[in-house]
Enquirer: 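Here's a structure for you.
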2 protein chains.
Amino acid sequence: MNLIKKSLHDHNSCRQKVMEAAKLYCEEKNLKLTPVREAVLNMLLNEHQALGAYEILEGLRISGFSAQPPVAYRALNFLKDIGFVHKIEQLNSYIACYHPDTTHSPVFLICQSCNDITEKSIDRHEDEFNLLANETGFEITNLVLEAKGTCQACLASA
Amino acid sequence: MNLIKKSLHDHNSCRQKVMEAAKLYCEEKNLKLTPVREAVLNMLLNEHQALGAYEILEGLRISGFSAQPPVAYRALNFLKDIGFVHKIEQLNSYIACYHPDTTHSPVFLICQSCNDITEKSIDRHEDEFNLLANETGFEITNLVLEAKGTCQACLASA
DNA sequence: TCATTAATGTTATAACATAACATGTTGGCA
DNA sequence: TGCCAACATGTTATGTTATAACATTAATGA
Ligand SMILES: [Zn+2]
Ligand SMILES: [Zn+2]
Ligand SMILES: [Zn+2]
Ligand SMILES: [Zn+2]
């Protein structure tokens with residue numbers, strides 16, 4: 001975990017803000033942010049990094065929830081569907097989104113050295129992908145954009 | 001499988017061309033395209049679609065090779081490392097590359113309706129990703145770019 | 001020849017994910 | 001209130017993907 005980065009922002013307030021947003025969103029859409037779902041989101045917000053489903057599950061077990069795999073996967077998929085969690089495909093792991101307020105195509109920068117993951121965003125209507133896809137009449141519904149490499153901090157300390 | 005597309009090009013010659021290229025490449029780089037590796041590449045070139053590691057394994061078993069998982073994974077990883085096979089992260093499956101001659105960042109268009117996968121390519125030095133990454137001093141070593149959606153043929157017949 | 005490296009064989013297990021069905025909870029409506 | 005329908009959770013079992021670890025064999029080249 002990138003400790004420098006973690007300390008550079010008011011993590012507590014950032015966590016609370018997103019949790020509030022999630023509650024509001026669910027209220028508006030008449031969806032339920034149940035205890036399990038809230039616990040999963042909270043765990044991901046706390047960690048501020050990608051977690052595997054079985055790590056989530058372990059956290060749920062500790063918190064007294066049922067700890068069978070479907071419990072974790074259901075909560076993760078719910079949160080993913082409403083845009084508050086993204087799946088990192090290359091890592092088979094899940095990460096909280098800190099700017100879920102807009103429809104966005106997340107771009108993940110995954111540092112292979114410190115495991116820190118940065119979420120960036122691209123404008124879906126200006127990106128190369130829709131251009132590429134349009135050439136062949138392909139209609140995009142979902143984009144997975146992940147870059148592996150080395151972050152600035154790790155490059156500097158190498 | 002997209003039969004239209006498959007029939008639109010001389011698949012046999014395209015397969016042979018890539019296989020030749022792979023042999024040449026390995027010769028030049030002093031790498032060995034061993035029987036198992038060649039069998040795996042051939043299978044992927046024949047199918048012209050993404051296959052899971054265990055489908056590959058079944059093919060190997062039929063061809064008389066040892067059929068334990070590591071056999072398939074080693075061959076797939078070898079072919080991936082030299083750029084003749086790509087992994088589709090969203091599908092946990094593997095697909096042959098038909099233009100492995102240049103260093104390229106593949107972009108996959110995955111049709112959710114017919115399962116056809118189209119590989120496109122972006123210029124690594126002009127793409128948005130390096131711009132995004134550069135902003136934060138991140139150095140990219142590998143890109144995963146996958147779009148899910150609906151292909152032209154499926155859109156037309158819907 | 002003999003040491004070194006690369007490749008393959010083999011067993012076992014880890015890690016990730018879902019099917020299927022039972023049970024509980026909630027909220028509307030007769 | 002009693003009932004139903006929809007949703008959420010609990011639970012068991014199993015499916016799917018991938019690697020660790022170590023033994024064996026094959027090729028390379030002093
Ligand atoms: Zn996001
Ligand atoms: Zn780093
Ligand atoms: Zn390619
Ligand atoms: Zn299609």
Side-chain angles (χ1 to χ4, degrees), chain A residues 22-23 25-27 29-41 43-44 49-82 84-95 112 115 144 146 148, chain B residues 22-23 25-41 43-44 50-82 84-95 115 144 146:
Chain A
K23 283 179 178 166
Y25 179 90
C26 286
E27 219 166 284
K29 301 276 179 176
N30 222 3
L31 298 169
K32 274 168 263 183
L33 194 61
T34 61
V36 188
R37 292 165 178 174
E38 184 171 342
V40 170
L41 180 54
M43 209 179 311
L44 286 168
Q49 66 175 310
L51 295 177
Y54 280 70
E55 289 177 281
I56 295 286
L57 201 54
E58 173 62 7
L60 288 177
R61 194 189 60 70
I62 289 167
S63 302
F65 293 93
S66 172
Q68 300 305 320
V71 177
Y73 283 103
R74 283 168 184 152
L76 286 169
N77 288 329
F78 172 85
L79 295 166
K80 184 156 78 73
D81 289 345
I82 65 171
F84 283 79
V85 163
H86 299 298
K87 180 175 182 186
I88 310 291
E89 293 289 345
Q90 287 186 85
L91 302 179
N92 296 315
S93 63
Y94 303 83
I95 192 163
Q112 285 170 311
N115 296 314
V144 170
E146 301 174 4
K148 267 194 179 158
Chain B
K23 283 180 178 168
Y25 179 90
C26 287
E27 217 167 286
E28 278 170 357
K29 300 277 181 175
N30 223 2
L31 298 168
K32 273 169 264 181
L33 194 62
T34 61
V36 188
R37 292 165 179 175
E38 184 172 341
V40 171
L41 180 55
M43 209 179 313
L44 286 168
L51 295 177
Y54 282 73
E55 291 178 280
I56 295 287
L57 201 54
E58 173 63 7
L60 288 177
R61 195 190 58 70
I62 290 168
S63 303
F65 292 93
S66 173
Q68 301 303 322
V71 176
Y73 282 102
R74 283 167 184 153
L76 286 169
N77 287 329
F78 172 84
L79 294 166
K80 184 156 79 70
D81 289 344
I82 65 172
F84 282 80
V85 163
H86 300 298
K87 180 175 183 184
I88 311 291
E89 293 289 345
Q90 287 186 83
L91 304 179
N92 295 315
S93 63
Y94 303 83
I95 193 164
N115 297 314
V144 170
E146 300 175 5

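Labels below follow one simple rule: chain letters A, B, ... track the order of the sequence lines, proteins then strands, and each chain is numbered from 1. From a predicted model like this one, the values you see are computed outputs, not experimental measurements.
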Enquirer: Any side-chain to backbone donor/acceptor pair from B:Glu146 onto B:Glu89? Under 3.5 Å, distance only.
Expert: yes
Enquirer: So, taking the atom named CG in A:Leu60 and the one named CD in A:Gln68, what distance separates them when rounded to the nearest 0.5 Å?
Expert: 11.5 Å
Enquirer: Tell me the interatomic distance from B:Leu76, atom CG, to D:dT19, atom C1', rounded to whole angstroms.
Expert: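 Going from B:Leu76 (CG) to D:dT19 (C1'), I get 14 Å.
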Enquirer: What is the distance from NZ of B:Lys87 to C1' of D:dT19, rounded to the nearest Å?
Expert: 12 Å
Enquirer: Rounding to a whole Å, what distance do you find between A:Leu57:CG and D:dT9:P?
Expert: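 A:Leu57 atom CG is separated from D:dT9 atom P by 14 Å.
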Enquirer: At their closest point, which heavy atom of B:Val36 faces which heavy atom of B:Ala75, and how far apart are they?
Expert: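 B:Val36 and B:Ala75 have their closest heavy atoms at CG1-CB, 4.2 Å.
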Enquirer: Round to a whole Å and report the spacing from CG of B:Leu33 to C1' of C:dA6.
Expert: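 Taking atom C1' of C:dA6 as the reference, CG of B:Leu33 is at 15 Å.
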Enquirer: Confirm from the modelled atom types if A:Tyr54 and C:dA17 form a donor-acceptor pair under 3.5 Å, side chain to base only.
Expert: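 By the distance-only test, yes, there is a pair.
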Enquirer: For B:Glu27, look at atom CD and say whether over 12 heavy atoms of other residues, nucleotides or ligands are found less than 6.0 Å away.
Expert: no
Enquirer: Looking at every non-hydrogen atom in both residues, tell me the closest pair between A:Val144 and B:Gln90 and how far apart they are.
Expert: CG2-CD, 3.3 Å
Enquirer: Does A:Ile56 reach the side chain of A:Tyr94, with side-chain heavy atoms less than 4.5 Å apart?
Expert: no
Enquirer: Expressed in angstrom and rounded to an integer, what is the separation of A:Glu89 atom CD from C:dA15 atom C1'?
Expert: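 Nearest whole value for this atom pair: 15 Å.
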Enquirer: Identify whether any heavy atom of B:Tyr94 sits under 4.0 Å from a base atom; if not, whether one sits that close to sugar-phosphate; answer base, sugar-phosphate or nothing.
Expert: sugar-phosphate
Enquirer: Can you tell me how far the NE2 atom of B:His86 sits from the CG atom of B:Leu44, to the nearest 0.5 Å?
Expert: 11.5 Å
Enquirer: Please report, rounded to the nearest Å, how far the C1' atom of D:dC7 is from the CG atom of A:Asn30.
Expert: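 After rounding, the gap between these two atoms is 12 Å.
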Enquirer: Select one nucleotide: of D:dA8, C:dC16, D:dA18, the one nearest the side-chain heavy atoms of A:Asn92.
Expert: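 It is C:dC16.
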Enquirer: To the nearest angstrom, how far is A:Ile82 atom CD1 from D:dC7 atom C1'?
Expert: 15 Å
Enquirer: Between C:dT8 atom C1' and B:Lys32 atom NZ, what is the distance in whole Å?
Expert: 12 Å
Enquirer: Give the residues of residues 64-74 of chain B touching DNA chain C, defined as any heavy atom closer than 4.0 Å, sorted by residue number.
Expert: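 Those residues are B:Ser66, B:Gln68, B:Pro70, B:Val71, B:Arg74.
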